[in-house]
Number of protein chains: 2
Amino acid sequence: MAQFKEIRRGGYLPDLIARQVMDQISAGELQPGDLLPTETALADLFGVSRNVVREAIARLRSDGVINTKQGRGAVVNPPSARATFRVDMAALTSKDNLADLFELRGLLEIDAAGIAAQRRSPSDLEALTTALDHMRARPSFDEQLIEADAEFHRCLATATGNSYLATIVDYLSSRLKETTRATRDVYGQGDLLDVTITEHERVLEAVATQDQKAARQAMALHIDGATRRLGVVTGEK
Amino acid sequence: MAQFKEIRRGGYLPDLIARQVMDQISAGELQPGDLLPTETALADLFGVSRNVVREAIARLRSDGVINTKQGRGAVVNPPSARATFRVDMAALTSKDNLADLFELRGLLEIDAAGIAAQRRSPSDLEALTTALDHMRARPSFDEQLIEADAEFHRCLATATGNSYLATIVDYLSSRLKETTRATRDVYGQGDLLDVTITEHERVLEAVATQDQKAARQAMALHIDGATRRLGVVTGEK
DNA sequence: TATTGCCCGATTGTTGGACAATCGAGTTTT
DNA sequence: AAAACTCGATTGTCCAACAATCGGGCAATA
């Protein structure tokens, strides 16, 4: 079956404008403190309506790149005022970048395991055990096991009590969920199920006994095993 | 059924609308796959113009929360498609949240120190020593010392070789720079300068000798000292 | 019957113009 | 000299269209 490429017909005009202005800023042509051209000037420049320019400007403002004031104009913010940290998934095509992201998630999960062991409440422990039970109930490495796995890690992250840590770990895990699926497909269904469950059991045990060091160690083993199984070589550039 | 509150005039209208819709989504009232009300309907609901609604919608789309299609409408994306992880600085007013963010930065910096000790190149080491020299050259805890301090931490983050880790550590540090300034103002200029420099020297020494464990320990001590000096109580909720 | 082509309403994308609110600087008044 | 005022410029909001696209229904046809 022939595969047709989806034509990128120009895309959204505000996207293009926002990218153009953003390029100007990151290239240093527009330095912090400088005023952007007025909306009407930009509209004339690009040959579009002012509303289109406005949406582009609004986007940059919501990203914290610029700051607009009625009657004044739009000024470029210093980098320290950038209000958002954005993980650009378009940059994930490279293997290097994926390895970096994988490593970052591993570090955070290990830390999260250690903290969760210290602070976990009884209800956290209960949620973790039910998630692990769901994993045990699966006869094979199917889609629902991946879901239960994700649930286990999510519970662990929330058990830290740190909302930021939980959010970013959860986010990274969800973004890297495809990798576990890839692991299953590449590695086959052999003893992968047992190994995975055993690794999680070790983590749960350490969290249950509130042993921080053991929790970190168990999670490190799990992450290490996962990366090794995936064949993602981290730490070697 | 999704229920939106009447908005109060006063802030950015698109901001308020975007927040309302976002709340509805995160509360589960609008589940992935659901269609949002049409733009005209939302405009009528909130009593604003369609342009305002459009800016709000554009914002949510650029955040990856929804996906709009001409002729169809706007559908809520599954969480896995969320392309951005956003740190909302507006939520930092609470002391709890600030403590959480501080803890997250600490964890990442400790990990970064350990990895940097393993992987640092000679040029990384050189950059770190010059940054520390700049700190030593300051006669008091002035603005340029804060800059040199930030430079030291930035060099350490880049020395890890992990671009994602470096980016997020750098971002969090820049966002928390005001806290070090606050520390200086509250704590006074006494022996703070010497203590700070000594802590950094320990980190540099461990990185120079490629001693991972010592680097982690030194950074942990530095972070712990900084939090204690700031009076931010972490880990106790 | 099943498929194809077409029409039509609905919805977003874009345009253009208009007015309100606010800011900054120059000007006037005290 | 300081305060108040005027005024042009710029962003914020509103309104009314038209264009582009989608999805479903409907009829024509093999």
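In this text, all values refer to a predicted model and were calculated from it rather than measured experimentally. Within every chain, numbering begins at 1; the chains are lettered A, B, ... in the order of the sequence lines, protein sequences first and strands thereafter. Below, all heavy atoms of this structure are taken into account, side chains as well, without hydrogens, waters or symmetry copies.
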Is the closest side-chain heavy-atom distance between [X] and [Y] below 4.5 Å?
X        : Y        : result
A:Ile168 : B:Ile168 : yes
B:Asp34  : B:Gln31  : yes
B:Leu42  : B:Ile17  : no

In whole Å, I'd like the distance from the [atom1] atom of [X] to the [atom2] atom of [N].
X       : N      : atom1 : atom2 : value
B:Asp15 : D:dT13 : CG    : C1'   : 14 Å
B:Glu55 : C:dT14 : CD    : C1'   : 14 Å
B:Gln70 : C:dT14 : CD    : C1'   : 9 Å
A:Ile17 : C:dT15 : CD1   : P     : 9 Å
A:Glu39 : D:dT13 : CD    : P     : 11 Å
A:Arg72 : C:dA25 : CZ    : P     : 7 Å
B:Leu16 : D:dG12 : CG    : C1'   : 13 Å
B:Asp44 : D:dC14 : CG    : C1'   : 13 Å

Heavy-atom nearest nucleotide on DNA chain D for A:Asn51 versus A:Ile57: which residue maps closer to 5'? A:Ile57

Find which nucleotide of DNA chain D each of A:Ala74 and B:Lys69 is nearest to by heavy atoms, and output the residue with the more 5' nucleotide. A:Ala74

Can you check whether A:Arg54 has a side-chain N or O nearer than 4.0 Å to OP1 or OP2 of D:dT10? no

Please confirm whether the shortest side-chain N or O distance from B:Thr68 to OP1 or OP2 of C:dG13 is below 4.0 Å. yes

Would you mind checking if B:Glu103 and A:Arg119 are paired as a salt bridge, meaning a charged N to carboxylate O distance below 4.0 Å? yes

5' priority, DNA chain C, between A:Gly71 and A:Ser49 [closest heavy atom]: A:Ser49

Using rotation axes that map the C1' atoms of four end pairs onto the next four (five pairs an end), what angle separates the end axes of the helix from C:dT1-D:dA30 to C:dT30-D:dA1, to 10°? 0°

Indicate whether any N or O donor in one side chain lies under 3.5 Å from an N or O acceptor in the other, for B:Glu151 and B:His134. no

Got a donor-acceptor pair under 3.5 Å from the side chain of A:Arg50 to the base of D:dT13? yes

To the nearest 0.5 angstrom, please state how far the NZ atom of B:Lys69 sits from the CZ atom of B:Arg61. 13.0 Å

For the side chain of A:Pro14, counting heavy atoms from C-beta on, which of C:dT14, C:dT11, D:dT13 is nearest? C:dT14

For the student: nearest non-hydrogen atoms of B:Leu104 and A:Leu165, plus distance: CD1-CD1, 3.7 Å

